[in-house]
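The block underneath contains the structure these notes are about, expressed in structure tokens.
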Amino acid sequence: MSEPSRFHRGHTDDLMSFLAASPSPYHAVANTAQRLEKAGFRQVAETDAWDGTSGGKYVLRGGAIVAWYVPEGAEPHTPFRIVGAHTDSPNLRVKPLPDTGAHGWRQIAVEIYGGPLMNSWLDRDLGLAGRLTLRDGTTRLVNIDRPLLRVPQLAIHLDRSVAAEGLKLDKQRHMQPVWGLGDDVRDGDLIAFLEEAAGLSAGEVTGWDLMTHSVEAPAYLGRDQELVAGPRMDNLLSVHAGAAALTAVATGPDAAGLPYIPVLAAFDHEENGSQSDTGADGPLLGNVLERSVFARGGSYEDRARAFAGTVCVSSDTGHAVHPNYAERHDPTHHPRVDGGPILKVNVNNRYATDGSGRAVFAAACEKADVPFQSFVSNNSMPCGTTIGPITAARHGIRTVDIGVAILSMHSARELCGAKDPYLLANALVAFLEG
């Protein structure tokens with residue numbers, strides 16, 4: 001990975017394909033696993049005994065994936081270099097009793113997941129994707145990637161106050177999408193439709209985790225195609241960059257002599273607090289790292305030594321300066337798109353970056369010849385957070401928060417620079433190599 005100005009387009013093309021193919025966290029980890037397999041990684045089951053052999057391995061659990069590469073001759077106390085990210089994005093998710101409707105409209109009952117910009121989901125053609133759980137306990141991915149649902153906005157003629165007071169949406173009353181006509185709403189219609197679409201027998205599905213997605217494809221934007229518009233950049237952009245970096249390091253000429261064990265940890269449920277068995281506040285990452293140490297014959301002392309030398313980069317999208325709302329940003333920190341990854345800082349630990357973490361990331365960017373920028377929130381604005389502080393506190397691992405600067409975060413369709421995804425991946429390669 002070199003010469004970002006010449007070769008970034010191929011990486012960004014691939015990112016756009018990844019975004020389009022990953023309408024849910026379950027699809028995102030399946031697509032990531034497929035890329036890892038092509039690079040020689042193999043899946044290991046959490047229920048099996050693990051061996052201490054070298055090479056690439058990964059664990060799948062729901063909408064989360066943890067992958068790592070053990071170099072030849074790695075010691076039990078060899079530290080890790082971790083790229084952390086998350087697979088989930090704000091959206092509308094199907095309720096347990098989905099079939100509803102009124103006044104001749106057939107609708108789907110949805111619940112608001114995370115903190116979406118709800119207006120961005122109005123009057124947009126939506127598909128439906130996620131995971132179906134079958135009667136025998138197995139799961140099946142499903143993706144209806146065509147216009148199936150729509151949340152119609154109320155005409156201005158029926159609400160003249162919108163012009164003066166702005167749009168006001170009630171999450172319960174105003175966000176239920178329509179998907180057909182009829183007064184004969186029947187329980188089970190949606191699931192029966194999905195069973196047929198997935199080639200399953202009637203009554204085979206007993207559980208589901210389903211969510212809406214915009215069916216509009218990612219696209220280059222602008223006179224010179226300098227921008228990329230697309231869904232779920234927060235935070236599949238980082239998942240994609242992390243997977244690209246890990247596979248590049250694991251298949252590179254220096255893989256056998258790496259001083260660290262490179263890791264990609266992509267978690268679910270960041271948008272609602274990370275507290276789940278697949279979230280960053282759960283045990284998944286710690287279990288994987290510890291089992292890797294012990295599989296190589298290590299002791300608790302080796303585990304402690306390895307963790308003490310470990311560094312995690314928490315990669316999540318951040319806020320580029322908005323040309324129409326520049327006053328919402330800190331006056332001396334205005335990250336620009338295509339200016340390189342941003343280093344996120346908050347002294348109240350909403351981000352995990354400190355001076356030593358900054359030095360690690362600065363060294364990686366210098367090695368990769370990648371520029372980077374700093375981000376802090378305006379003191380008058382509340383600061384968001386990431387998996388960074390959670391990872392640092394839960395595992396006692398030095399962590400630094402970074403990301404790509406974008407606009408329209410939490411919209412159904414976000415905006416970034418066409419070069420930034422590749423610049424991020426280059427920086428992550430250098431970080432994982434140490």
Side-chain angles (χ1 to χ4, degrees), residues 1 10-48 50-72 74 78 80-88 131 139 141 143 232 235-256 258 260-268 278 280 284-285 287-289 291-292 295-296 312-315 387 421-422 424-434:
M1 287 184 157
H11 177 89
T12 307
D13 287 345
D14 190 62
L15 167 64
M16 292 163 70
S17 297
F18 182 76
L19 293 173
S22 304
S24 79
Y26 314 108
H27 289 83
V29 299
N31 290 324
T32 301
Q34 187 178 52
R35 290 161 183 260
L36 292 168
E37 291 276 354
K38 289 180 179 179
F41 285 67
R42 62 182 177 88
Q43 184 177 0
V44 295
E46 292 185 84
T47 53
D48 292 345
W50 291 5
D51 59 50
T53 56
S54 60
K57 307 171 187 181
Y58 68 91
V59 165
L60 285 179
R61 184 192 289 184
I65 184 169
V66 179
W68 66 104
Y69 178 81
V70 180
E72 295 179 12
T78 299
F80 301 92
R81 281 285 174 105
I82 305 167
V83 174
H86 67 89
T87 61
D88 59 320
R131 178 179 66 174
T139 59
L141 296 184
N143 181 13
R232 299 176 294 281
N235 186 32
L236 294 188
L237 189 158
S238 294
V239 175
H240 176 265
L246 178 60
T247 54
V249 170
T251 58
D254 301 321
L258 289 171
Y260 301 98
I261 295 173
V263 179
L264 169 65
F267 302 101
D268 201 353
T278 54
L284 180 59
L285 177 60
N287 287 349
V288 168
L289 300 184
R291 291 184 68 176
S292 176
R296 285 176 279 122
C312 174
V313 159
S314 164
S315 181
I387 65 167
Y422 185 76
L424 173 64
N426 274 267
L428 294 181
V429 167
F431 166 74
L432 291 177
E433 288 177 338

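- Side chains of Val263 and Leu289 form a contact here, defined as non-hydrogen atoms less than 4.5 Å apart.
- Ring planes of Tyr422 and His11: perpendicular class, angle over 60° (limits at 30 and 60°).
- At least one donor-acceptor pair under 3.5 Å links the side chain of Trp50 to the backbone N or O of Ala45.
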Leu424 and Leu237: CA distance, side-chain angles, deciding distance, side-chain contact (heavy atoms from CB on, under 4.5 Å) verdict: CA-CA 9 Å; Leu424 173 64; Leu237 189 158; 3.8 Å; yes
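- Residues Phe41 and Lys57 come closest through the heavy atom pair CD2-N, 3.3 Å.
- Between Ala256 and Pro71, the shortest heavy-atom contact is O-CB, 3.6 Å.
- Judged by distance alone, the side chains of His86 and Asp268 never bring a donor and an acceptor atom under 3.5 Å apart.
- For Glu46 and Arg61, the salt-bridge test passes: some basic side-chain N is under 4.0 Å from an acidic carboxylate O.
- Counting heavy atoms from C-beta outward, Val239 and Ile65 have side chains that stay 4.5 Å or more apart.
- Smallest separation of non-hydrogen atoms from Ser54 and Glu72: OG-CG, 3.8 Å.
- A donor-acceptor distance shorter than 3.5 angstrom exists from the side chain of Thr87 to the backbone of Gly63, with no hydrogens or angles considered.
- Closest of all the heavy-atom pairs between Ala30 and Leu141 is CB-CD1, 4.0 Å.
- Closest approach of Asn31 and Ser22 over heavy atoms only: ND2-OG, 3.0 Å.
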Intermediate values then yes/no, side-chain contact (heavy atoms from CB on, under 4.5 Å), Asp14 and Arg35: CA-CA 11 Å; Asp14 190 62; Arg35 290 161 183 260; 2.5 Å; yes
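- Scanning all heavy atoms of the two residues, the minimum distance from Thr251 to Ala39 falls at CG2-O, 3.7 Å.
- Between Phe80 and Ser292 there is a side-chain heavy-atom pair separated by less than 4.5 Å.
- Between Asp51 and Arg42 a salt bridge is recorded (basic side-chain N to carboxylate O distance below 4.0 Å).
- For the atom pair Gln34 CD and Phe18 CZ, the distance stands at 10.5 Å (nearest 0.5 Å).
- Defined by atom type and a distance below 3.5 Å, a donor-acceptor pair is present between the side-chain atoms of Tyr58 and Glu37.
- Proximity of Val66 to Asn287: side-chain heavy atoms (C-beta onward) are nowhere separated by under 4.5 Å.
- Val83 places a side-chain heavy atom less than 4.5 Å from the side chain of Phe431.
- Side-chain contact between Val44 and Trp68 is present, with heavy atoms from C-beta onward closer than 4.5 Å.
- Two residues are said to be in side-chain contact when any heavy atoms from C-beta on lie closer than 4.5 Å; Phe267 and Ile387 meet this criterion.
- Using modelled atom types, no side-chain atom of Arg296 and backbone atom of Gly52 make a donor-acceptor pair closer than 3.5 Å.
- Separating the OG1 atom in Thr278 from the CG atom in Leu285 is a distance of 13.0 Å, to the nearest 0.5 Å.
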Gln43 and Val59: CA distance, side-chain angles, deciding distance, side-chain contact (heavy atoms from CB on, under 4.5 Å) verdict: CA-CA 6 Å; Gln43 184 177 0; Val59 165; over 6 Å; no
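- A side-chain N or O of Ser238 and one of Asn235 form a donor-acceptor pair less than 3.5 Å apart.
- Checking each of Thr247, Leu432, Thr32, Ile82 against Leu264 for a side-chain contact (heavy atoms from CB on, under 4.5 Å) leaves exactly one that passes, namely Thr32.
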